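The structure appears right after this line, and notes come after that.
Chain identifiers are assigned alphabetically (A, B, ...) following the order of the sequence lines, protein sequences preceding nucleic acid strands; residue numbering begins at 1 within each chain. Note that the structure is a prediction, hence the values are computed from the model and not measured.
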Protein chains: 2
Amino acid sequence: MKKSINAYDVAKKAGVSQSTVSRVLNDYQFIKKETKEKVLKAIEELEFTRDEIARSLANRETRTIGLIVGDITNAFFSESAKVITRIAQENDYNVILCNTNHDEESLVQYIDSLKGQRVDGIIIAGADKDNKKIRELFDQHFPVILYNSIIEHDKANYVAVNNYQGARLAVEHLYELGHRDIGYIAGPEKYVTTHLRNIGFESALTHYNLKLNPNFVYTDEFLYEKVYAFTKKLLRQPERPSCLFVASDQMALAVLDAASSENIEIPSQLSVIGFDNISLAGNSYIGLSTVAQPMKKMARLALENLIVIMERKSNKEVSTLPVQIVLDAEVFSRKTTGVR
Amino acid sequence: MKKSINAYDVAKKAGVSQSTVSRVLNDYQFIKKETKEKVLKAIEELEFTRDEIARSLANRETRTIGLIVGDITNAFFSESAKVITRIAQENDYNVILCNTNHDEESLVQYIDSLKGQRVDGIIIAGADKDNKKIRELFDQHFPVILYNSIIEHDKANYVAVNNYQGARLAVEHLYELGHRDIGYIAGPEKYVTTHLRNIGFESALTHYNLKLNPNFVYTDEFLYEKVYAFTKKLLRQPERPSCLFVASDQMALAVLDAASSENIEIPSQLSVIGFDNISLAGNSYIGLSTVAQPMKKMARLALENLIVIMERKSNKEVSTLPVQIVLDAEVFSRKTTGVR
DNA sequence: CTGTTAGCGCCTTCAA
DNA sequence: TTGAAGGCGCTAACAG
């Protein structure tokens, strides 16, 4: 295989030194116009493209970030990924996609791999509550930002929605529709997100003086099939909730699926409210009521702030205040919730 | 910032040469056990992780692939991405996610960027019919595989479903349900996929001696809003089709949305059949009838074959036969199609 | 304004 | 079984 042409080849062809080629490539100001043109011409003729790997090695920056998500097929994550990749492209960053399937071990593996790959920074969407590895990252001042997660750490960077308030809003919405027997598809407690939603949920129950039937609560994994099976079983019970607060739209889809398969009409026989406001929720064929996260804004804030952090680091600036942003949630009432 | 520790530091600590460290890292066979252990211990103590960037530069391989998709929020793509990232992780490859938003210019930009990044290979999902840049890639024997696309090129690698046959199956399904006035949400003709579906569709119409009302055909972009608007308008017309073949499930969701907003009942007033069989289609709350692609199988085949191609290249093996796989489609009849 | 030179951290012959 | 030395292609002082 013929070896690829490099900056030396260009230099030779243009009759200059290799460093001049490098200067042209980097838009260095003080270059004679003619020299620059010669180089540019040589580059064109040789179809030269600079080796970003070598550049990274010399530069100590890769212009690559890692994006770790729990499940890319969850629309909340894929919609976020879309925003993030777009902004990344605008800023000349590459995005390495890491899908953990909500598996902690995989998360850790990915973090190590990304560090070996010398990525400039990492966005972690779907961190568990107390991940040692992630704390380490913050301890080491590695540029990381949590997306839709929070970790108690004085140097932690995060952008998240107010999950606590969001959960309260959900209960409020259901309560005002006359519901008193509320079921809760919570998902696993180990995530920060779900944890906070749990606390918010409980506090709202207390507020309204409602009591929770423990049989009405799902705290297992996010898996579609499991949620589906649980809901199906729940709905067959003689005593069942009149409504369900579901901690993610993705799971809410499984709930609707289960209800539909049991011929339970929504919302007359069962109200369902989700969380996230994935774009499908707004589809009027589905019309999922939900607690909305300002997803686009969050995604933008996450990456833009990460970029600031990364650049600060590459300029060897002293670390400044951590980025800790919490945005408000908002209820969208659609077709799947109705008066009791 | 203190510089990161490298193999020399490890070597010094272990009292060996750097090349020995390198050998340990690469599982070179002929190393004395004790030496190896010394090195391993030093690595551990220093928390050394090798710099994959430097390794890539020396090695001329990055163990990174590019995954170019039209729209990651389309479940067909995100579900494919999930499979691909998993298999990539199993094989120690990183995946750079490139979301083109179905924009050709963006596609070209991404290809250039990935080549500069020296990725070992590229998977392109959603290629347009006659993209020069992609042809170039094949001309240059760059490891690329098209996913769910086909290009007429003797060296082209691709894994795709039989779109032609799939479209025929859709028409057959509708025909057998008694439908004669078929509408077609085709999407833009410029993609290979859609192009072949178009041909298949037309051939089926001919076969059944059906004629197509040109007003019943949508050939604009994949954008949700546009499909929604078109469908809404179409359904308000006094003369409208009794059923719709929609060239992707993603668009079918927009169609259902529009129908629902017009209070048109599905399937009694309008049958809808999609294409892809995204997992949501199987959700019984939605129950979208569709032409299924064997997505998981396709994704696996695409990456596994790409890996073979990449390894072949790094071993400087002569190029062999191109990978050209076409799988069968299959109709899944669910809730959105019914007898006329 | 431009060339020279020394790295960046690793891999890989070649000798020993 | 190990060490020495020369790349991989680029950047970044430092001279001139």
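Rounded to whole angstrom, the span from the CG atom of D27(A) across to the P atom of dA12(D) amounts to 13 Å. Separating the CG atom of N26(B) from the C1' atom of dG9(C) is a distance of 13 Å, rounded to the nearest angstrom. Remark: P of dC10(D) and CG of L25(A) are 8 Å apart, rounded to the nearest angstrom. Atom-to-atom, CG of L57(A) to P of dG7(D) comes out at 17 Å; the value is rounded to the nearest Å. What separates NZ of K12(A) from P of dC10(D) is a distance of 14 Å, to the nearest Å. Across the protein-nucleic acid pair, E37(B) atom CD and dT1(D) atom C1' stand 15 Å apart, rounded to whole Å. Here dC11(C) presents its P atom at 14 Å from CD1 of I53(A), a figure rounded to the nearest Å. Between the CG atom of N6(B) and the C1' atom of dG7(C) there is a distance of 12 Å, rounded to whole Å.
With sequence neighbours excluded, the residues satisfying side-chain hydrogen bond (donor to acceptor under 3.5 Å, both in side chains) with Y191(B) are H102(B). By the side-chain hydrogen bond (donor to acceptor under 3.5 Å, both in side chains) test, E34(A) pairs with no residue at all, sequence neighbours left out. Evaluation of the side-chain hydrogen bond (donor to acceptor under 3.5 Å, both in side chains) rule for K82(B) yields D71(A) as partners, not counting sequence neighbours. By the ring-ring contact (aromatic ring centres under 6.0 Å, His included) test, Y28(B) is found to be paired with F30(B), residues two or more places apart in sequence or in another chain being considered. A search for ring-ring contact (aromatic ring centres under 6.0 Å, His included) contacts involving F142(B) returns nothing, not counting sequence neighbours. The side chain to side chain contact (heavy atoms under 4.5 Å, CB included) check on A156(B) picks up F138(B), H153(B), Y158(B), Q324(B), with sequence neighbours excluded. Residues passing the ring-ring contact (aromatic ring centres under 6.0 Å, His included) test with F48(B): none are found, sequence neighbours excluded. The side-chain hydrogen bond (donor to acceptor under 3.5 Å, both in side chains) search around E79(A) returns S279(A), not counting sequence neighbours.
Tested against V69(A), the residues L97(A), N74(A), T100(A) include a single side chain to side chain contact (heavy atoms under 4.5 Å, CB included) partner, L97(A).
Taking side-chain N and O atoms only, R118(B) has no distance below 4.0 Å to OP1 or OP2 of dC8(D). Distances shown here put a side-chain N or O of R55(B) below 4.0 Å from the OP1 or OP2 atom of dC11(C). An OP1 or OP2 oxygen of dC10(D) is reached within less than 4.0 angstrom by no side-chain nitrogen or oxygen of R60(A). For N59(B) and dC8(D), the shortest distance from a side-chain N or O to OP1 or OP2 is not below 4.0 Å.
For residues 40-49 of chain B, proximity to DNA chain D is found at no residue, defined as any non-hydrogen atom under 4.0 angstrom from a strand atom.
Listed by first and then second residue, the salt bridge (charged side-chain N to carboxylate O under 4.0 Å, His left out) pairs involving residues 102-112 of chain B are D112(B)-K133(B) (not counting sequence neighbours).
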Report all interatomic pairs (protein N or O, nucleotide N or O of nucleotides 2-4 of chain D) with separations under 3.5 Å.
from: dT2(D); atom 1: OP1; to: T35(B); atom 2: OG1; distance (Å): 2.2
from: dT2(D); atom 1: OP2; to: K32(B); atom 2: N; distance (Å): 3.0
from: dG3(D); atom 1: OP2; to: S17(B); atom 2: N; distance (Å): 2.9
from: dG3(D); atom 1: OP2; to: S17(B); atom 2: OG; distance (Å): 3.1
from: dG3(D); atom 1: OP2; to: T20(B); atom 2: OG1; distance (Å): 2.5
from: dG3(D); atom 1: N7; to: R23(B); atom 2: NH1; distance (Å): 3.3
from: dG3(D); atom 1: O6; to: R23(B); atom 2: NH2; distance (Å): 2.5
from: dA4(D); atom 1: N6; to: S19(B); atom 2: OG; distance (Å): 3.4

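From one end of the helix from dC1(C)-dG16(D) to dA16(C)-dT1(D) to the other, with five pairs defining each end axis, the axis direction shifts by 40° (rounded to 10°).
Using a cut-off of 4.0 Å between Lys/Arg side-chain N and Asp/Glu carboxylate O, R86(B) and E90(B) are scored as salt-bridged. Ion pairing of K41(B) with E44(B) is absent here, as no side-chain N (NZ or NE/NH1/NH2) approaches a carboxylate O to less than 4.0 Å.
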